[in-house]
Asks: 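Have a look at the structure that comes next, please.
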Protein chains: 2
Amino acid sequence: MKKDTGKTKYILLGLMAKRPQTGYSIKKSIEYEFRHFWQESFGQIYPTLKILVDQGFAETSETETTQNGRRTITYTITERGQAELQRWLSEVPDVEKLRYEILLKVSFGTTTEPEIIDQHLDAFIARNEASLAEMEGFLTVFKDLEVHRTDILGSELTALCGKYLYTAMKDWAMEAKKRISDQKELQNETKNP
Amino acid sequence: MKKDTGKTKYILLGLMAKRPQTGYSIKKSIEYEFRHFWQESFGQIYPTLKILVDQGFAETSETETTQNGRRTITYTITERGQAELQRWLSEVPDVEKLRYEILLKVSFGTTTEPEIIDQHLDAFIARNEASLAEMEGFLTVFKDLEVHRTDILGSELTALCGKYLYTAMKDWAMEAKKRISDQKELQNETKNP
DNA sequence: GCATGCATGTAAGAAGTTACATGATTGT
DNA sequence: ACAATCATGTAACTTCTTACATGCATGC
């Protein structure tokens, strides 16, 4: 109904509020810090940055000449942008819409193809363990800084969320494997008395 | 690049494989069982069902006259559809793309607006507790059936995933609240020696 | 010489949501 | 009388991804 840029707008404003950035570096920031909980493509970022400028939420300080030959455009949040960010911050966040393809496969395939599902679960466990390790790496870095620096709390809480999430998913998958194999045994017992 | 229907196709096939259904009842099934991990709208379901028929993955057994005046169309999976479902089942599931808006807000707002973030976290905790209770309700029902019925294992594992997920999220939010208030205290100490 | 990283951008298309139209039945 | 549930469907729109084009600098 409303012509809007969805939520892309706000992650851009939020990152700009930390420091003025180029579209490219915003993409890198998202990949670095939010990859596990949010993603944006260039196809979203560049057009949205233009819209933000049009709406007076950001300003460009073009540096036509740069260290490397390419021109770069640095975007800075304006006061109006800051206010808009604040407005969004105070709104109740949307309920997240999850789509776990593995769950569909588990649900549709456990009884007919328990071996395949078991393999998927193994891969899922490995994937979640890898993410978990990444999160713990982040947390160690933050702990080593040891200071009560306010500017890292946000990043720390993001990593902590990942830690909780990936642990839960790993644990679930392990439990699921157990239940699937338990059931297979039960079925065998019924067959061979 | 490829003209496809995304993943919608497969949840429809998966549900049809359990029993022939109408588009409407498929929607209800998704809402009932997968709501927390998958969602589809009528705008996706009806056109996709037509495509499935075109591709020979489903058949219609139209019941022009029904108990209520409206005509209903029951979709049944074909052998080819069954094979297609099987093919998808054996493929490695995609990495899920999460988008947690609350995490952006926490990350961007903890230091500047700790009170607002605290409120968001309270609401988030309540929301996750409600979902958790729902999942535990499901699990109790399944345990009461008590049988080693294979056809409920899939549903049970779905509910179990929800239990793990929502517990993790609730716990994270509680920990986040604690860390935010800890930091506020630290800042106060620095101010008043 | 070639791949990669930095940097900006567009076009095409896929995927998904929302609103609406139709209409009967059942319950309040 | 009105709302809700059953039931099918479409149109308009938004949102998002993917592929591509350009081009310099640097490292292998």
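Quick note on labels: first sequence line is chain A, next is B, and so on, each numbered from 1. Being a predicted model, the structure only gives us computed values, none of them experimental.
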Asks: Measure from CD1 on A/I26 to C1' on C/dC6 and round the result to the nearest Å.
Replies: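 One finds 15 Å between C1' of C/dC6 and CD1 of A/I26, rounded.
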
Asks: Would you work out how much the helix from C/dG1-D/dC28 to C/dT28-D/dA1 bends between its ends, with each end axis defined by five base pairs, to 10 degrees?
Replies: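 What I find for the helix from C/dG1-D/dC28 to C/dT28-D/dA1 is an axis angle of 30°.
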
Asks: Taking 4.0 angstrom as the limit, do A/K170 and A/E175 come out as a salt bridge?
Replies: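 Salt bridge: no.
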
Asks: Can you confirm whether A/F37 sits close enough to A/C161 that some side-chain heavy atom of one is under 4.5 Å from a side-chain heavy atom of the other?
Replies: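 Sidechains of A/C161 and A/F37: in contact.
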
Asks: B/Q119 versus B/F124: any side-chain heavy-atom pair under 4.5 Å?
Replies: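 A side-chain contact is absent here, since even the closest heavy-atom pair is not under 4.5 Å.
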
Asks: Rounded to the nearest angstrom, tell me the gap between atom CG in B/L12 and atom P in C/dG16.
Replies: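 Going from B/L12 (CG) to C/dG16 (P), I get 12 Å.
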
Asks: Among C/dT8, D/dG9, D/dA7, which nucleotide has an atom closest to any side-chain atom of B/Y24?
Replies: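 Of the options given, the side chain of B/Y24 lies nearest D/dA7.
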
Asks: Give a yes or no on whether a salt bridge exists between A/E101 and B/K7, defined as a side-chain N under 4.0 angstrom from a carboxylate O.
Replies: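 Yes, A/E101 and B/K7 are salt-bridged.
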
Asks: Between A/E84 and A/K9, does any NZ, NE, NH1 or NH2 come within less than 4.0 Å of an OD or OE carboxylate oxygen?
Replies: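 Result for this pair is yes, salt bridge flagged.
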
Asks: Start at the 5' end of DNA chain D and walk down; is the nucleotide closest to B/T74 or to B/R99 reached first?
Replies: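 First, find each residue's nearest nucleotide; the 5'-ward one identifies B/T74.
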
Asks: Salt bridge check: are B/R80 and B/E59 linked by an N-O gap of less than 4.0 Å?
Replies: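 The answer is no: the pair does not qualify as a salt bridge.
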
Asks: Does C/dC6 have its OP1 or OP2 closer than 4.0 Å to a side-chain nitrogen or oxygen of A/T72?
Replies: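 No, no such contact exists.
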
Asks: With a non-hydrogen cut-off below 4.0 angstrom, is B/T8 in contact with a base, only sugar-phosphate, or nothing?
Replies: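 It contacts sugar-phosphate atoms only.
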
Asks: Quick one: B/K27 NZ to D/dA4 P, roughly how many Å, whole number?
Replies: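 Answer to the nearest Å: 16 Å.
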
Asks: Which whole-number value in Å describes the distance from A/I30 CD1 to D/dT17 P?
Replies: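 Atom CD1 in A/I30 sits about 11 Å away from atom P in D/dT17.
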
Asks: Salt bridge check, B/K163 against B/E156: does any charged N sit closer than 4.0 Å to a carboxylate O?
Replies: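 Between B/K163 and B/E156 there is no salt bridge, as every charged N stays at least 4.0 Å from the carboxylate O atoms.
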
Asks: B/K7 has an atom NZ; how far is it from atom C1' of C/dA15, in whole Å?
Replies: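 To the nearest whole Å, that distance equals 12 Å.
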
Asks: Side-chain N or O of A/R71 versus OP1/OP2 of D/dG23: is the shortest distance under 4.0 Å?
Replies: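 Answer is no, no contact under 4.0 Å.
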
Asks: Among residues 33-54 of chain B, which contact DNA chain C at a heavy-atom distance under 4.0 Å?
Replies: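 Hits under 4.0 Å, by residue number: B/S41, B/G43, B/Q44.
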
Asks: Below 4.0 angstrom, N of the basic side chain to O of the carboxylate: do A/K177 and A/D122 qualify?
Replies: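 A salt bridge is present here (some side-chain N lies under 4.0 Å from a carboxylate O).
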
Asks: Less than 6.0 angstrom from the centroid, inside 45 degrees of the normal: does A/K27 satisfy that with respect to the ring of A/F42?
Replies: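 So A/K27 does make the cation-pi contact.
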
Asks: Without decimals, in angstroms, what is the distance between A/K9 NZ and D/dT14 C1'?
Replies: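 Interatomic distance, NZ of A/K9 to C1' of D/dT14: 14 Å.
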
Asks: Grab the OH-P distance between A/Y32 and C/dC6 for me, whole Å please.
Replies: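 One finds 14 Å between P of C/dC6 and OH of A/Y32, rounded.
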
Asks: If you check every side-chain atom of A/K97, which of D/dC6, C/dC6, C/dT17 has the closest atom?
Replies: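 So the nucleotide nearest the side chain must be C/dT17.
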
